[in-house]
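The block underneath contains the structure these notes are about, expressed in structure tokens.
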Number of protein chains: 2
Amino acid sequence: MTDRADAGRDLGVRRGGVPEATVGRLPLYHRVLVDLADAGVDTVSSDALAATAGVSPAKLRKDLSFLGSYGTRGVGYEVSVLIEQIGAELGISSEWPVVIVGVGHLGHALANYGGFTSRGFRLVALFDEDPELVGTDVAGLVIRPFTDLPSVARAEGVTIGVVATPAAAAQDVADALVAAGVNSVLNFAPVVLTVPPSVDVRRVDLASELQILAFHQQRRGDELGQVAR
Amino acid sequence: MTDRADAGRDLGVRRGGVPEATVGRLPLYHRVLVDLADAGVDTVSSDALAATAGVSPAKLRKDLSFLGSYGTRGVGYEVSVLIEQIGAELGISSEWPVVIVGVGHLGHALANYGGFTSRGFRLVALFDEDPELVGTDVAGLVIRPFTDLPSVARAEGVTIGVVATPAAAAQDVADALVAAGVNSVLNFAPVVLTVPPSVDVRRVDLASELQILAFHQQRRGDELGQVAR
DNA sequence: AGGCGCTTGTGAAGGAGTGCACAAAGTTGC
DNA sequence: GCAACTTTGTGCACTCCTTCACAAGCGCCT
Ligand SMILES: NC(=O)c1ccc[n+]([C@@H]2O[C@H](COP(=O)([O-])OP(=O)(O)OC[C@H]3O[C@@H](n4cnc5c(N)ncnc54)[C@H](O)[C@@H]3O)[C@@H](O)[C@H]2O)c1
Ligand SMILES: NC(=O)c1ccc[n+]([C@@H]2O[C@H](COP(=O)([O-])OP(=O)(O)OC[C@H]3O[C@@H](n4cnc5c(N)ncnc54)[C@H](O)[C@@H]3O)[C@@H](O)[C@H]2O)c1
């Protein structure tokens, strides 16, 4: 059921007014809540939930307040209600069709990743350019030639594409995805993709993450020499 | 060298005062600059560099200003100088030893990822618990039993560890890493790790990234009045 | 019924990050 | 040597995010 016809009473909360920072944490909350539900918990306080999610209680409460008032004062939040509300906000209710382009080491791992399909996404196709790979089976799907992208994308209504090709091919792949109607891209290649403003790109960059860790590590090391007054 | 006892007055730029948001972008700048250098470019303006990195020129200039004044007014920045300065800030000069725990689909891909070793990191060991895997060769390294972690970590001075095990094992693995002296962790498992405050954890979460894309996708759809179909 | 303890929801304060605009500082051309 | 032009570096205002603190609301107990 698509209950997007607002049930009328959220005039106080702007529908599209969830801050970006909050959006970035909603998936985390959702996962933690699902884990709690699996563990048989049916009610949590903001303090407890914040602790398990690793954020401050005030931040958590404010985040949740953007979705509406789904808690009970003096008691806490009902886990199932929160899961449903956050899920609705993130669009987990619907099943987003996803394609992966580039089935090398990384693409292979992604295709076999269960977390994809268990959180509102359906992997509908794998594409690669390598003739050796095309036709082989990965994670229950047949790898298709990259040239099939347009027809598959339109047939399945694909709006999200994952780029897992080498950096050199990533821009071309992105262009093809955009041309095929995909307007959300998750990019693993270490390049900045140029796309029309209507297209949303998120970059996942392993090396960057490590370098940020290294930076903090180094700073910590530097400070050890100075702590002694 | 650049660090003498600061005589009570900071020179406008604080050593160690680089904002977190800037730190998060430095790896991006570094990569873009290396690409430019490879392409034979030796000077860039903030406008040009900002465009290739996908950020605003003002932001870029402010970011770089935290490292010092390495540009030339009227000209721009010398690519090699910037690479060196950013590299130094990030600790790329030294080679950080890294270990990966959990050599399944994802760990396999990570071990074979060239970007690791080419950016100041050296993969020193792979660990897994599975007896079938231990002893086999991946990316030129032998997979070692997880119990070897302490000795290897100390022998090589490992401070950065990558967790690529299933969620259920991640916390135990993190505990072992911390016990072995590792205090920077890159976690791919979809769980929130609990570690001492002295340990820095970064989480990379595929499903979250997709869900954030889905959120924006859904919002865009809603605003158009109706979703696909 | 009423008070008590607990937890949410939120205004308001404080802090971090971003964009703007321009003076300072360099280069080029004559 | 000077004027015109280019581009950096940064003070300032502004927006966004986080933290604080507490009134409002709910359930339970007496
Ligand atoms: N392996 C990792 O852990 C890792 C981590 C972070 C980022 N990355 C990045 O992810 C990307 C993929 O990494 P990988 O290790 O899987 O590389 P890979 O070489 O193993 O796989 C790349 C795949 O893309 C295919 N391909 C190439 N050009 C294509 C095109 N135009 N259209 C469709 N398919 C094409 C190739 O045939 C190959 O199968 C790279 O950009 C890499 O830098 C990898
Ligand atoms: N595959 C992906 O694309 C992907 C993406 C995002 C996140 N993840 C997460 O990364 C993790 C690994 O994913 P995967 O697909 O590689 O799983 P996988 O099952 O293929 O590999 C896990 C490996 O960890 C090893 N392992 C288990 N317990 C261990 C322990 N206590 N000590 C050492 N090694 C141990 C297993 O033997 C196995 O080799 C999972 O938590 C998954 O949710 C995977």
Side-chain angles (χ1 to χ4, degrees), chain A residues 9-14 16-26 28-29 33 36 41-82 85-86 89 197 212 215-216, chain B residues 9-26 28-29 33 36 41-82 85-86 89 212 215-216:
Chain A
R9 64 160 153 64
D10 54 341
L11 304 168
V13 180
R14 296 171 303 174
V18 183
E20 205 43 43
T22 296
V23 173
R25 285 184 294 264
L26 289 182
L28 168 62
Y29 300 154
L33 284 163
L36 284 175
V41 179
D42 54 350
T43 297
V44 275
S45 67
S46 62
D47 275 39
L49 185 53
T52 25
V55 302
S56 76
K59 198 190 287 190
L60 177 92
R61 285 204 299 274
K62 182 138 287 189
D63 282 342
L64 294 182
S65 77
F66 288 113
L67 309 188
S69 290
Y70 299 111
T72 307
R73 295 171 193 232
V75 178
Y77 300 91
E78 204 173 325
V79 173
S80 63
V81 172
L82 277 193
Q85 292 304 326
I86 296 178
E89 194 70 31
I212 295 169
F215 173 88
H216 290 138
Chain B
R9 187 83 183 98
D10 65 345
L11 322 169
V13 177
R14 288 251 209 96
R15 271 282 170 219
V18 183
E20 203 45 43
T22 296
V23 173
R25 285 183 294 264
L26 289 181
L28 168 62
Y29 300 154
L33 284 163
L36 285 175
V41 178
D42 54 351
T43 298
V44 275
S45 68
S46 62
D47 275 40
L49 184 54
T52 22
V55 302
S56 77
K59 198 190 290 191
L60 177 90
R61 286 205 297 277
K62 183 143 288 191
D63 282 343
L64 294 181
S65 78
F66 288 114
L67 310 187
S69 290
Y70 300 110
T72 306
R73 292 170 196 232
V75 178
Y77 300 90
E78 203 172 325
V79 173
S80 62
V81 171
L82 276 193
Q85 293 303 327
I86 296 178
E89 194 70 30
I212 294 169
F215 173 88
H216 291 137

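Residue numbering restarts at 1 for every chain, and letters A, B, ... go by the order of the sequence lines.
- Closest non-hydrogen pair, Phe66(B) versus Gly17(B), comes out as CD2-O, 4.3 Å.
- Residue Lys59(A) contributes atom NZ, which lies 13 Å from atom P of dA16(C) at whole-angstrom precision.
- Here dG26(C) presents its P atom at 16 Å from OH of Tyr70(B), a figure rounded to the nearest Å.
- Closest contact between the side chain of Ser65(A) and the listed nucleotides dT19(D), dG9(D), dG9(C) involves dG9(C).
- A distance of 11.5 Å separates CZ in Arg25(B) from CD1 in Ile86(B), rounded to the nearest 0.5 Å.
- Atom CG of Leu67(A) is separated from atom P of dG9(C) by 10 Å (rounded to the nearest Å).
- Leu60(B) places its CG atom 14 Å from the P atom of dT7(D), with the value rounded to the nearest Å.
- One donor-acceptor pair, N or O on each side, does fall under 3.5 Å between the base of dG19(C) and the side chain of Lys62(B).
- With dT18(D), dG9(C), dC20(D) as the choices, the nucleotide that has an atom nearest any side-chain atom of Ala58(A) turns out to be dC20(D).
- Two residues, Asp63(A) and Leu64(B), neighbour DNA chain D, and the one matched to the more 5' nucleotide by heavy-atom proximity is Leu64(B).
- Counting only heavy atoms from C-beta on, Pro19(A) has its side chain closest to dC17(D) among dG9(C), dC17(D), dC20(C).
- With dT7(D), dT10(D), dT18(D) as the choices, the nucleotide that has an atom nearest any side-chain atom of Ser45(B) turns out to be dT7(D).
- Looking at Val55(B) and Asp63(B), their side chains never come closer than 4.5 Å, going by heavy atoms from C-beta outward.
- Put simply, CD on Glu20(A) is 18 Å from P on dT15(D), counting in whole angstrom units.
- Contact detail for Val79(B) and Leu33(B): the closest heavy-atom pair is CG1-O, 3.5 Å.
- Distance CD/Glu20(A) to CD1/Ile212(B): 7.5 Å, rounded to 0.5 Å.
- Within the 4.0 Å cut-off from OP1 or OP2 of dT8(D), at least one side-chain nitrogen or oxygen of Ser46(B) is found.
- Heavy-atom distances under 4.0 Å link DNA chain C to Thr72(A), Arg73(A), Gly74(A), Val75(A), Gly76(A), Tyr77(A) of residues 72-80 of chain A, given in residue order.
- When heavy atoms are screened at a 4.0 angstrom cut-off, Thr22(A) is found touching no nucleic acid atom at all.
- Here the C1' atom of nucleotide dG19(C) and the CZ atom of Arg25(B) are 12 Å apart, to the nearest Å.
- Distance check, rounded to the nearest 0.5 Å: CG of Leu26(B) to CG of Leu64(B) gives 8.0 Å.
- For the pair Leu82(A) and Tyr29(A), the minimum side-chain heavy-atom distance is 4.5 Å or more.
- Within residues 47-55 of chain A, no residue is approached by DNA chain C to less than 4.0 Å at the level of any non-hydrogen atom.
- Rounded to whole Å, atom P of dT8(D) lies 10 Å from atom CG of Leu82(B).
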Check: residues 43-50 of chain A side-chain donor-acceptor pairs under 3.5 Å, at least two apart:
unit_1: Ser45(A); atom_1: OG; unit_2: Ala48(A); atom_2: N; d: 3.1
unit_1: Ser46(A); atom_1: OG; unit_2: Arg61(A); atom_2: NH1; d: 3.0

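- Nearest heavy-atom pair, Gln85(B) versus Tyr70(B), reported as atom, atom and distance to 0.1 Å: OE1-OH, 3.1 Å.
- For dG11(C), the OP1/OP2 oxygens have no side-chain nitrogen or oxygen of Arg61(A) closer than 4.0 Å.
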